[in-house]
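Computed from heavy atoms alone, side chains included, the values below leave out hydrogens, waters and symmetry copies. The residues of the chain are indexed from 1 along the displayed sequence.
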Amino acid sequence: QVQLVDSGGGLVQPGGSLRLSCAASGRTFSSYAMGWFRQAPGKEREFVAAISTSGGSVNYADSVKGRFTIGRDNAKNTVYLQMNSLKPEETAVYYCAAAPGGSIAGRIADFRFWGPGTQVTVSS
């Protein structure tokens, strides 16, 4: 089992950048694929990005390709999401999540453990 705490959200202007972080507890962090999802008010939770256990493979939603970067540091039990060129419609609560099976396909059902979420607001 792993416990996740995500952080780094806040208010940013359109076109700005934010870096989200997720700290994981436990000695098995490196055995989990990690992902980021987001949920806007009144909408379903959606996939943003995922990274394999070693960090060698990544997957992004089409809407964020070229603007967002996911990374991990297994020595520090941390995964991060660098978000650039943010848009107002990307205002949402962002969640990090861990997938025991290692899949980075982005299916919510693959991710068993979730952080509490961090609010990102993109507004002028």
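In this structure, Arg19 has no salt bridge (Lys or Arg N to Asp or Glu O under 4.0 Å) partners at least two apart in sequence or on a different chain. With sequence neighbours left out, the side chain to side chain contact (heavy atoms under 4.5 Å, CB included) criterion links Gln3 to Gln1, Ser25. Lys43 is linked by a salt bridge (Lys or Arg N to Asp or Glu O under 4.0 Å) to nothing, counting only residues two or more places apart in sequence or in another chain. Tyr32 is linked by a side chain to side chain donor-acceptor pair (under 3.5 Å) to nothing, counting only residues two or more places apart in sequence or in another chain.
Counting all heavy atoms, side chain and backbone alike, Pro88 lies closest to Pro14 at CG-CG, 4.0 Å. Looking at every heavy atom in both residues, Asp6 comes nearest to Pro116 through OD1-CD, 3.3 Å. Minimum heavy-atom separation, Ala40 to Ala92: N-CB, 3.8 Å. Looking at every heavy atom in both residues, Ile104 comes nearest to Ala33 through CG2-CB, 3.9 Å.
A 4.5 Å side-chain heavy-atom check between Val12 and Ser17 finds every atom pair outside the cut-off. At least one side-chain heavy atom of Thr91 sits under 4.5 Å from a side-chain heavy atom of Gln119. Met83 places a side-chain heavy atom less than 4.5 Å from the side chain of Val120.
With rounding to the nearest 0.5 Å, the separation of OG in Ser63 from NZ in Lys87 is 7.5 Å. Expressed to the nearest 0.5 Å, how far CD1 of Ile70 lies from CD of Gln82 amounts to 12.0 Å. Taking CG from Leu18 and CG from Asn84, the interatomic distance works out to 9.5 Å, rounded to the nearest 0.5 Å.
In the hydrophobic clustering of this structure, Phe29 groups with Leu81; members are Ile, Leu, Val, Met, Phe, Trp, Tyr whose side-chain heavy atoms approach within less than 4.5 Å, directly or through other members. Note on Val122 and Tyr94: same hydrophobic cluster, where clusters join Ile, Leu, Val, Met, Phe, Trp and Tyr whose side-chain heavy atoms are under 4.5 Å apart, directly or indirectly. Taking hydrophobic clusters as Ile, Leu, Val, Met, Phe, Trp and Tyr residues chained together by side-chain heavy-atom distances below 4.5 Å, Val79 shares a cluster with Val64.
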Worked verdict on Leu86 versus Phe68 for side-chain contact (heavy atoms from CB on, under 4.5 Å): CA-CA 9 Å; Leu86 281 161; Phe68 288 15; 3.7 Å; yes

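The salt bridge (Lys or Arg N to Asp or Glu O under 4.0 Å) pairs that include a residue from residues 28-38 are Arg38-Glu46, Arg38-Glu90, where partners are two or more places apart or lie in different chains.
Remark: side-chain polar atoms of Tyr80 are not paired, donor with acceptor, to backbone N or O of Asp73 under 3.5 angstrom. Checking side-chain atoms of Arg72 against main-chain N and O of Ser52 turns up a donor-acceptor pair under 3.5 Å. No donor-acceptor pair under 3.5 Å is formed between the side chain of Asp110 and the backbone N or O of Ala99. For Arg67 (side chain) and Ser85 (main-chain N/O), a donor-acceptor pair under 3.5 Å exists by modelled atom type. Remark: side-chain polar atoms of Asn74 are paired, donor with acceptor, to backbone N or O of Thr53 under 3.5 angstrom.
Residue Trp114 is found in a hydrophobic cluster whose other members, listed by chain and number, are Phe37, Phe47, Val93, Tyr95, Ile108, Phe111; membership requires side-chain heavy atoms under 4.5 Å apart, directly or through intermediates.
Counted within 6.0 Å of CD on Glu89, heavy atoms from surrounding residues, nucleotides or ligands total more than 12; the atom is thus considered enclosed.
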